[in-house]
Amino acid sequence: MKITVVGAGAVGATCADNIARKELASELVLIDIKEGIAEGKALDLQQTASLLEFDTRITGTTNDYAKTAGSDVVVITSGVPRKPGMTREELIGVNAGIVKSVTENILKHSPNAIIIVIANPMDTMTYLAYKNAGIPKNRIIGMGGMLDCARFKSYLSSELKCSLNDLHAVVIGGHGDTTMIPLIRMATLNSKPVPELISEEKQKQIVADTMVGGATLTKFLGTSAWYAPGAAGALLVEAIVRDQKKVFPCCVYLDGEYGQKDICIGVPVVIGKNGWEKIIDYNLTSDEQTLFNNSADAVRSMNSVLETLV
Ligand code: APR
(Lines give C-alpha, C1' and ligand atoms only; values in the text may rest on other atoms or scores of the structure.)
Protein backbone atom coordinates (compact mmCIF):
# COMPACT_ATOMS: atom_id res chain seq x y z
CA MET A 1 0.00 0.00 0.00
CA LYS A 2 1.32 3.44 -0.93
CA ILE A 3 -0.11 6.62 0.54
CA THR A 4 0.70 10.23 -0.31
CA VAL A 5 -0.01 13.24 1.86
CA VAL A 6 0.04 16.52 -0.05
CA GLY A 7 1.04 19.46 2.14
CA ALA A 8 3.62 18.85 4.86
CA GLY A 9 2.33 21.60 7.11
CA ALA A 10 0.65 21.14 10.48
CA VAL A 11 -2.28 19.00 9.32
CA GLY A 12 -0.35 17.03 6.68
CA ALA A 13 2.51 16.13 9.02
CA THR A 14 0.11 15.13 11.81
CA CYS A 15 -1.89 13.00 9.42
CA ALA A 16 1.33 11.35 8.15
CA ASP A 17 2.43 10.73 11.74
CA ASN A 18 -0.85 8.92 12.49
CA ILE A 19 -0.70 6.94 9.23
CA ALA A 20 2.81 5.77 10.07
CA ARG A 21 1.97 4.86 13.68
CA LYS A 22 -0.97 2.79 12.46
CA GLU A 23 1.25 1.15 9.82
CA LEU A 24 -1.34 1.74 7.13
CA ALA A 25 1.19 1.68 4.30
CA SER A 26 4.52 0.21 3.36
CA GLU A 27 5.34 3.48 1.61
CA LEU A 28 4.31 6.98 2.69
CA VAL A 29 5.20 10.07 0.64
CA LEU A 30 4.97 13.65 1.86
CA ILE A 31 4.96 16.32 -0.84
CA ASP A 32 4.98 20.10 -0.45
CA ILE A 33 5.63 23.09 -2.66
CA LYS A 34 7.87 24.76 -0.09
CA GLU A 35 11.51 23.73 -0.59
CA GLY A 36 12.75 21.16 1.91
CA ILE A 37 9.77 21.06 4.26
CA ALA A 38 8.45 17.66 3.12
CA GLU A 39 11.94 16.14 3.03
CA GLY A 40 12.67 17.44 6.52
CA LYS A 41 9.40 16.31 8.08
CA ALA A 42 9.59 12.92 6.35
CA LEU A 43 13.11 12.36 7.68
CA ASP A 44 12.10 13.38 11.20
CA LEU A 45 9.06 11.09 11.07
CA GLN A 46 11.15 8.24 9.64
CA GLN A 47 13.47 8.57 12.60
CA THR A 48 10.56 7.89 14.98
CA ALA A 49 10.15 4.42 13.42
CA SER A 50 12.34 2.49 15.87
CA LEU A 51 10.85 4.44 18.79
CA LEU A 52 7.26 3.88 17.76
CA GLU A 53 7.90 0.49 16.21
CA PHE A 54 6.55 0.87 12.71
CA ASP A 55 8.00 -0.32 9.40
CA THR A 56 6.52 2.24 7.03
CA ARG A 57 9.11 3.86 4.76
CA ILE A 58 8.57 7.62 4.68
CA THR A 59 10.00 9.94 2.04
CA GLY A 60 9.53 13.62 1.29
CA THR A 61 9.73 15.61 -1.92
CA THR A 62 9.49 19.21 -3.05
CA ASN A 63 6.83 19.12 -5.73
CA ASP A 64 8.14 16.06 -7.60
CA TYR A 65 4.91 14.22 -8.33
CA ALA A 66 6.75 11.34 -10.03
CA LYS A 67 7.69 10.23 -6.51
CA THR A 68 4.00 9.89 -5.62
CA ALA A 69 3.36 7.53 -8.56
CA GLY A 70 1.16 4.53 -7.90
CA SER A 71 -0.37 5.86 -4.68
CA ASP A 72 -3.49 4.02 -3.54
CA VAL A 73 -4.74 6.82 -1.30
CA VAL A 74 -3.87 10.53 -1.43
CA VAL A 75 -4.72 13.03 1.30
CA ILE A 76 -4.84 16.69 0.20
CA THR A 77 -4.00 19.08 3.04
CA SER A 78 -2.18 21.67 0.94
CA GLY A 79 -3.59 25.14 1.31
CA VAL A 80 -3.72 28.11 3.59
CA PRO A 81 -5.19 27.65 7.06
CA ARG A 82 -7.52 30.27 8.52
CA LYS A 83 -6.47 33.01 10.92
CA PRO A 84 -8.50 34.20 13.92
CA GLY A 85 -11.74 35.88 12.82
CA MET A 86 -11.69 34.24 9.37
CA THR A 87 -14.27 31.73 8.19
CA ARG A 88 -13.23 28.62 6.28
CA GLU A 89 -15.06 30.07 3.30
CA GLU A 90 -12.69 33.04 3.08
CA LEU A 91 -9.90 30.68 2.03
CA ILE A 92 -11.54 29.79 -1.25
CA GLY A 93 -9.57 32.11 -3.56
CA VAL A 94 -6.13 30.73 -2.73
CA ASN A 95 -7.05 27.14 -1.94
CA ALA A 96 -9.10 26.52 -5.09
CA GLY A 97 -6.04 27.09 -7.30
CA ILE A 98 -3.93 24.84 -5.09
CA VAL A 99 -6.46 21.98 -4.91
CA LYS A 100 -7.07 22.10 -8.67
CA SER A 101 -3.40 21.84 -9.62
CA VAL A 102 -2.65 19.25 -6.93
CA THR A 103 -5.53 17.01 -8.07
CA GLU A 104 -4.33 17.16 -11.68
CA ASN A 105 -0.75 16.35 -10.73
CA ILE A 106 -1.76 13.50 -8.45
CA LEU A 107 -3.99 11.81 -11.01
CA LYS A 108 -1.33 12.05 -13.71
CA HIS A 109 0.83 9.73 -11.61
CA SER A 110 -1.78 7.81 -9.59
CA PRO A 111 -4.83 7.44 -11.83
CA ASN A 112 -6.47 4.91 -9.51
CA ALA A 113 -5.99 6.79 -6.26
CA ILE A 114 -8.75 7.45 -3.75
CA ILE A 115 -8.55 11.14 -2.90
CA ILE A 116 -9.28 12.55 0.55
CA VAL A 117 -9.76 16.32 0.76
CA ILE A 118 -8.99 18.20 3.98
CA ALA A 119 -8.18 21.68 2.60
CA ASN A 120 -10.86 24.30 3.29
CA PRO A 121 -13.51 25.36 2.49
CA MET A 122 -13.71 21.58 2.46
CA ASP A 123 -17.12 21.03 0.80
CA THR A 124 -16.23 23.33 -2.07
CA MET A 125 -12.71 21.92 -2.39
CA THR A 126 -14.16 18.38 -2.55
CA TYR A 127 -16.63 19.49 -5.24
CA LEU A 128 -13.81 21.17 -7.17
CA ALA A 129 -11.65 18.05 -6.93
CA TYR A 130 -14.56 15.88 -8.10
CA LYS A 131 -15.46 18.12 -11.04
CA ASN A 132 -11.86 18.42 -12.06
CA ALA A 133 -10.73 14.85 -11.58
CA GLY A 134 -13.08 12.98 -13.91
CA ILE A 135 -12.91 9.86 -11.73
CA PRO A 136 -15.79 7.89 -10.16
CA LYS A 137 -17.51 9.84 -7.38
CA ASN A 138 -16.77 7.11 -4.82
CA ARG A 139 -13.07 7.93 -4.97
CA ILE A 140 -13.37 11.54 -3.76
CA ILE A 141 -14.08 12.04 -0.06
CA GLY A 142 -14.05 15.21 2.03
CA MET A 143 -13.06 14.60 5.65
CA GLY A 144 -14.80 17.52 7.46
CA GLY A 145 -17.75 15.73 9.06
CA MET A 146 -15.47 13.29 10.87
CA LEU A 147 -13.69 16.18 12.54
CA ASP A 148 -16.95 17.92 13.42
CA CYS A 149 -18.22 14.64 14.83
CA ALA A 150 -15.08 14.20 16.95
CA ARG A 151 -15.59 17.68 18.40
CA PHE A 152 -19.29 17.02 18.98
CA LYS A 153 -18.46 13.82 20.88
CA SER A 154 -15.78 15.59 22.86
CA TYR A 155 -18.23 18.27 24.08
CA LEU A 156 -20.89 15.63 24.77
CA SER A 157 -18.54 13.46 26.82
CA SER A 158 -17.42 16.42 28.94
CA GLU A 159 -21.03 17.16 29.78
CA LEU A 160 -22.07 13.52 30.28
CA LYS A 161 -18.82 12.59 32.05
CA CYS A 162 -18.68 9.40 30.06
CA SER A 163 -16.25 7.49 27.90
CA LEU A 164 -16.11 8.69 24.33
CA ASN A 165 -16.21 5.04 23.32
CA ASP A 166 -19.75 4.70 24.67
CA LEU A 167 -21.03 7.63 22.65
CA HIS A 168 -22.51 7.61 19.19
CA ALA A 169 -23.08 10.94 17.48
CA VAL A 170 -23.13 12.31 13.97
CA VAL A 171 -22.74 15.68 12.26
CA ILE A 172 -24.05 16.14 8.73
CA GLY A 173 -24.26 19.08 6.32
CA GLY A 174 -21.52 21.50 5.36
CA HIS A 175 -18.19 21.79 7.21
CA GLY A 176 -18.72 25.45 8.12
CA ASP A 177 -19.46 27.36 11.32
CA THR A 178 -23.04 28.00 10.17
CA THR A 179 -23.62 25.06 7.85
CA MET A 180 -22.85 21.98 9.95
CA ILE A 181 -25.71 20.10 11.61
CA PRO A 182 -24.87 18.21 14.81
CA LEU A 183 -27.77 15.75 14.96
CA ILE A 184 -28.31 15.72 18.70
CA ARG A 185 -31.62 13.87 18.33
CA MET A 186 -29.68 10.84 17.12
CA ALA A 187 -26.83 11.01 19.64
CA THR A 188 -26.79 8.09 22.07
CA LEU A 189 -24.85 7.04 25.15
CA ASN A 190 -24.88 3.25 25.45
CA SER A 191 -27.96 3.19 23.21
CA LYS A 192 -29.81 5.74 25.41
CA PRO A 193 -30.82 8.91 23.53
CA VAL A 194 -28.71 11.86 24.69
CA PRO A 195 -31.73 14.25 24.69
CA GLU A 196 -33.10 12.12 27.59
CA LEU A 197 -29.91 12.71 29.57
CA ILE A 198 -29.24 16.43 29.33
CA SER A 199 -31.37 19.57 29.41
CA GLU A 200 -32.50 21.28 26.24
CA GLU A 201 -30.42 24.30 27.17
CA LYS A 202 -27.27 22.19 27.48
CA GLN A 203 -28.04 20.44 24.20
CA LYS A 204 -28.27 23.81 22.45
CA GLN A 205 -24.99 24.90 24.01
CA ILE A 206 -23.19 21.73 22.89
CA VAL A 207 -24.52 22.10 19.35
CA ALA A 208 -23.41 25.75 19.29
CA ASP A 209 -19.95 24.91 20.69
CA THR A 210 -19.53 22.15 18.10
CA MET A 211 -20.41 24.47 15.25
CA VAL A 212 -17.75 26.99 16.23
CA GLY A 213 -15.32 24.28 17.36
CA GLY A 214 -12.76 25.16 14.71
CA ALA A 215 -13.03 28.92 15.29
CA THR A 216 -12.53 28.41 19.04
CA LEU A 217 -9.21 26.69 18.33
CA THR A 218 -8.18 29.26 15.75
CA LYS A 219 -8.64 31.98 18.37
CA PHE A 220 -6.31 30.15 20.79
CA LEU A 221 -3.72 29.09 18.26
CA GLY A 222 -3.62 31.99 15.81
CA THR A 223 -4.08 29.41 13.04
CA SER A 224 -6.38 26.44 12.54
CA ALA A 225 -6.08 23.17 14.41
CA TRP A 226 -4.03 20.14 13.32
CA TYR A 227 -4.13 17.27 15.84
CA ALA A 228 -7.79 16.35 15.36
CA PRO A 229 -7.89 17.10 11.59
CA GLY A 230 -4.74 15.01 11.07
CA ALA A 231 -6.06 12.14 13.21
CA ALA A 232 -9.43 12.21 11.44
CA GLY A 233 -7.70 12.08 8.05
CA ALA A 234 -5.70 9.03 9.16
CA LEU A 235 -8.82 7.29 10.51
CA LEU A 236 -10.45 7.73 7.12
CA VAL A 237 -7.35 6.32 5.41
CA GLU A 238 -7.44 3.37 7.81
CA ALA A 239 -11.07 2.54 6.99
CA ILE A 240 -10.12 2.50 3.29
CA VAL A 241 -6.92 0.49 3.44
CA ARG A 242 -8.31 -2.02 5.94
CA ASP A 243 -11.65 -2.16 4.06
CA GLN A 244 -13.43 -1.67 7.38
CA LYS A 245 -16.89 -0.68 6.07
CA LYS A 246 -17.14 1.83 8.91
CA VAL A 247 -19.81 4.51 8.78
CA PHE A 248 -18.45 8.05 8.97
CA PRO A 249 -20.02 11.40 8.15
CA CYS A 250 -18.08 12.49 5.06
CA CYS A 251 -18.45 14.99 2.28
CA VAL A 252 -19.43 13.14 -0.91
CA TYR A 253 -21.09 13.89 -4.23
CA LEU A 254 -24.87 13.61 -3.98
CA ASP A 255 -27.06 12.68 -6.89
CA GLY A 256 -30.51 12.95 -5.34
CA GLU A 257 -29.69 11.43 -1.94
CA TYR A 258 -30.91 13.53 0.99
CA GLY A 259 -32.91 15.51 -1.59
CA GLN A 260 -29.80 17.13 -3.12
CA LYS A 261 -28.04 16.90 -6.46
CA ASP A 262 -24.76 18.15 -7.92
CA ILE A 263 -23.16 19.03 -4.60
CA CYS A 264 -20.55 17.58 -2.23
CA ILE A 265 -21.75 17.78 1.37
CA GLY A 266 -21.57 15.73 4.57
CA VAL A 267 -23.75 12.63 4.95
CA PRO A 268 -23.17 9.27 6.66
CA VAL A 269 -21.33 6.91 4.31
CA VAL A 270 -19.83 3.42 4.46
CA ILE A 271 -16.07 3.61 3.92
CA GLY A 272 -14.11 0.69 2.51
CA LYS A 273 -11.55 -0.30 -0.10
CA ASN A 274 -13.51 1.40 -2.90
CA GLY A 275 -13.68 4.74 -1.11
CA TRP A 276 -17.19 5.68 -0.04
CA GLU A 277 -19.31 2.70 -0.92
CA LYS A 278 -22.83 3.57 0.19
CA ILE A 279 -24.80 6.51 1.58
CA ILE A 280 -26.84 5.73 4.71
CA ASP A 281 -30.28 7.33 4.86
CA TYR A 282 -30.93 8.65 8.37
CA ASN A 283 -34.59 9.54 7.68
CA LEU A 284 -34.31 13.16 8.75
CA THR A 285 -37.25 14.90 10.38
CA SER A 286 -38.70 17.74 8.35
CA ASP A 287 -36.88 20.29 10.58
CA GLU A 288 -33.59 18.48 10.05
CA GLN A 289 -34.22 18.25 6.31
CA THR A 290 -34.85 22.01 6.25
CA LEU A 291 -31.54 22.60 8.02
CA PHE A 292 -29.85 20.27 5.54
CA ASN A 293 -31.40 22.07 2.57
CA ASN A 294 -30.29 25.45 3.97
CA SER A 295 -26.80 24.07 4.50
CA ALA A 296 -26.75 22.79 0.90
CA ASP A 297 -27.86 26.22 -0.36
CA ALA A 298 -24.94 27.85 1.48
CA VAL A 299 -22.46 25.29 0.13
CA ARG A 300 -23.87 25.67 -3.37
CA SER A 301 -23.50 29.44 -3.26
CA MET A 302 -19.85 28.97 -2.20
CA ASN A 303 -19.39 26.51 -5.10
CA SER A 304 -20.69 29.14 -7.51
CA VAL A 305 -17.69 31.33 -6.60
CA LEU A 306 -15.50 28.67 -8.26
CA GLU A 307 -16.75 29.77 -11.66
CA THR A 308 -15.05 33.13 -11.18
CA LEU A 309 -11.81 31.59 -9.92
CA VAL A 310 -10.64 28.49 -11.73
N1 APR B 1 1.36 22.02 -3.34
C2 APR B 1 1.83 21.39 -2.24
N3 APR B 1 1.84 21.96 -1.02
C4 APR B 1 1.37 23.21 -0.93
C5 APR B 1 0.86 23.92 -2.02
C6 APR B 1 0.87 23.27 -3.29
N7 APR B 1 0.41 23.86 -4.39
N8 APR B 1 0.45 25.14 -1.60
C9 APR B 1 0.68 25.18 -0.27
N10 APR B 1 1.25 24.02 0.14
C11 APR B 1 1.69 23.64 1.48
C12 APR B 1 2.38 24.76 2.24
O13 APR B 1 3.71 24.97 1.80
C14 APR B 1 2.29 24.26 3.67
O15 APR B 1 3.43 23.52 4.05
O16 APR B 1 0.58 23.29 2.30
C17 APR B 1 1.06 23.35 3.66
C18 APR B 1 -0.07 23.86 4.53
O19 APR B 1 0.36 23.76 5.84
P20 APR B 1 -0.01 24.82 6.98
O21 APR B 1 0.21 26.20 6.48
O22 APR B 1 0.65 24.38 8.23
O23 APR B 1 -1.61 24.65 7.09
P24 APR B 1 -2.39 23.50 7.88
O25 APR B 1 -2.68 23.97 9.24
O26 APR B 1 -1.71 22.22 7.67
O27 APR B 1 -3.79 23.51 7.09
C28 APR B 1 -3.88 23.02 5.77
O29 APR B 1 -6.03 22.04 6.10
O30 APR B 1 -7.50 22.12 7.89
C31 APR B 1 -7.18 22.66 6.64
O32 APR B 1 -8.00 24.93 6.76
C33 APR B 1 -6.84 24.13 6.72
O34 APR B 1 -6.90 24.52 4.35
C35 APR B 1 -6.05 24.32 5.45
C36 APR B 1 -5.32 22.99 5.31
Side-chain angles (χ1 to χ4, degrees), residues 1-9 11-32 38-39 41-78 99 102-119 126 129-130 133 135-143 146-147 226-227 229-248 250-252 269-278:
M1 191 65 63
K2 179 169 176 176
I3 297 170
T4 289
V5 176
V6 186
V11 175
T14 308
C15 186
D17 185 16
N18 281 282
I19 289 169
R21 284 171 194 249
K22 286 170 181 273
E23 279 199 317
L24 299 180
S26 51
E27 219 184 319
L28 175 58
V29 180
L30 268 176
I31 183 165
D32 201 290
E39 289 87 337
K41 293 214 180 169
L43 186 59
D44 191 8
L45 280 172
Q46 183 70 81
Q47 291 170 357
T48 68
S50 66
L51 304 165
L52 300 171
E53 299 177 335
F54 63 78
D55 284 317
T56 300
R57 193 160 55 79
I58 309 170
T59 52
T61 170
T62 303
N63 236 22
D64 180 1
Y65 280 83
K67 299 214 169 109
T68 69
S71 294
D72 300 286
V73 183
V74 176
V75 186
I76 302 180
T77 76
S78 46
V99 169
V102 164
T103 311
E104 285 166 5
N105 284 324
I106 281 297
L107 287 169
K108 244 182 251 163
H109 297 274
S110 304
N112 300 317
I114 293 172
I115 296 180
I116 294 175
V117 180
I118 298 188
T126 307
Y130 171 65
I135 62 174
K137 60 185 178 183
N138 304 69
R139 283 173 38 209
I140 307 252
I141 313 169
M143 181 284 291
M146 291 176 68
L147 172 61
W226 55 88
Y227 290 116
L235 195 65
L236 188 47
V237 173
E238 182 175 21
I240 295 166
V241 305
R242 301 206 200 285
D243 193 23
Q244 288 173 323
K245 316 290 187 202
K246 280 193 176 177
V247 177
F248 290 127
C250 291
C251 174
V252 301
V269 288
V270 176
I271 302 286
K273 65 176 186 317
N274 302 309
W276 68 266
E277 300 184 346
K278 195 172 139 193

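Nothing here was measured: the structure is a model prediction, and the numbers come from that model.
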Rounded to the nearest 0.5 Å, what's the gap from CG on L30 to CD1 on I3? Could you check? 11.5 Å

Hey, could you give me the CG/CD1 distance between L235 and I240, rounded to the nearest 0.5 Å? 10.5 Å

What do you reckon, is CZ of R57 surrounded by more than 12 foreign heavy atoms closer than 6.0 Å? no

Polar side-chain atom of Q46 near backbone of T56 as donor-acceptor pair, under 3.5 Å: yes

Might you work through the side chain to side chain contact (heavy atoms under 4.5 Å, CB included) test for N18 and Y227, ending with a clear yes or no? CA-CA 10 Å; N18 281 282; Y227 290 116; over 6 Å; no

Can you check whether G7's main-chain N or O pairs, donor with acceptor, with T77's side chain at less than 3.5 Å? yes

Flag side-chain contact, heavy atom, 4.5 Å: Y130 against I115: no

How long is the gap from OG1 on T61 to CG on N63, to the nearest 0.5 Å? 7.5 Å

Sidechain-backbone polar pair: E238 side chain, L24 backbone, donor-acceptor under 3.5 Å: no

When rounded to the nearest 0.5 angstrom, what is the spacing between CD in E277 and CG in D243? 6.0 Å

Hey, is the main chain of V74 close enough, under 3.5 Å, to the side chain of S71 for a donor-acceptor pair? no

Out of curiosity, I118 CD1 to M146 CE, how far, rounded to the nearest 0.5 Å? 9.0 Å

Kindly indicate, with the supporting measurements, whether the criterion side chain to side chain contact (heavy atoms under 4.5 Å, CB included) is fulfilled by C250 and L236. CA-CA 9 Å; C250 291; L236 188 47; 4.0 Å; yes

Report the C-alpha distance between K2 and V29 in whole Å, list the side-chain angles of each, state the deciding distance to 0.1 Å, and finish with yes or no for side chain to side chain contact (heavy atoms under 4.5 Å, CB included). CA-CA 8 Å; K2 179 169 176 176; V29 180; 3.8 Å; yes

side-chain contact (heavy atoms from CB on, under 4.5 Å) with D44: which residues, sequence neighbours excluded? none

For A133 and I140, work out which heavy atoms get closest and say how close. CB-CD1, 4.0 Å

Distance-only donor-acceptor check, side chains T68 and T4, under 3.5 Å: no

Shortest non-hydrogen pair, R242 vs K22, comes out as NH2-O, 2.8 Å

So, for I135 and P111, which heavy atoms are closest and what is the spacing to 0.1 Å? CG2-O, 4.5 Å

More than 12 heavy atoms of other groups within 6.0 Å of K245 NZ: yes

Indicate yes or no for a side-chain donor-acceptor contact from K246 to the backbone of A239 under 3.5 Å, with no hydrogens or angles considered. no

Where is the tightest heavy-atom contact between A232 and L147, given as atom of each residue plus distance? CB-N, 4.3 Å

Side chain to side chain contact (heavy atoms under 4.5 Å, CB included) between V73 and I116, worked out: CA-CA 8 Å; V73 183; I116 294 175; 4.0 Å; yes

Using every non-hydrogen atom in the two residues, find where A234 and C15 come nearest and quote the distance to one decimal. N-SG, 3.8 Å

Between V117 and A129 the two heavy atoms that sit nearest each other are CG2-CB, 4.2 Å

Quick one: does any side-chain atom of E39 pair with a main-chain N or O of T62 as donor and acceptor, under 3.5 Å? yes

Spacing of W276 atom CH2 and N138 atom CG [to the nearest 0.5 Å]: 5.0 Å

Is the shortest side-chain heavy-atom distance between I271 and Q244 below 4.5 Å? no

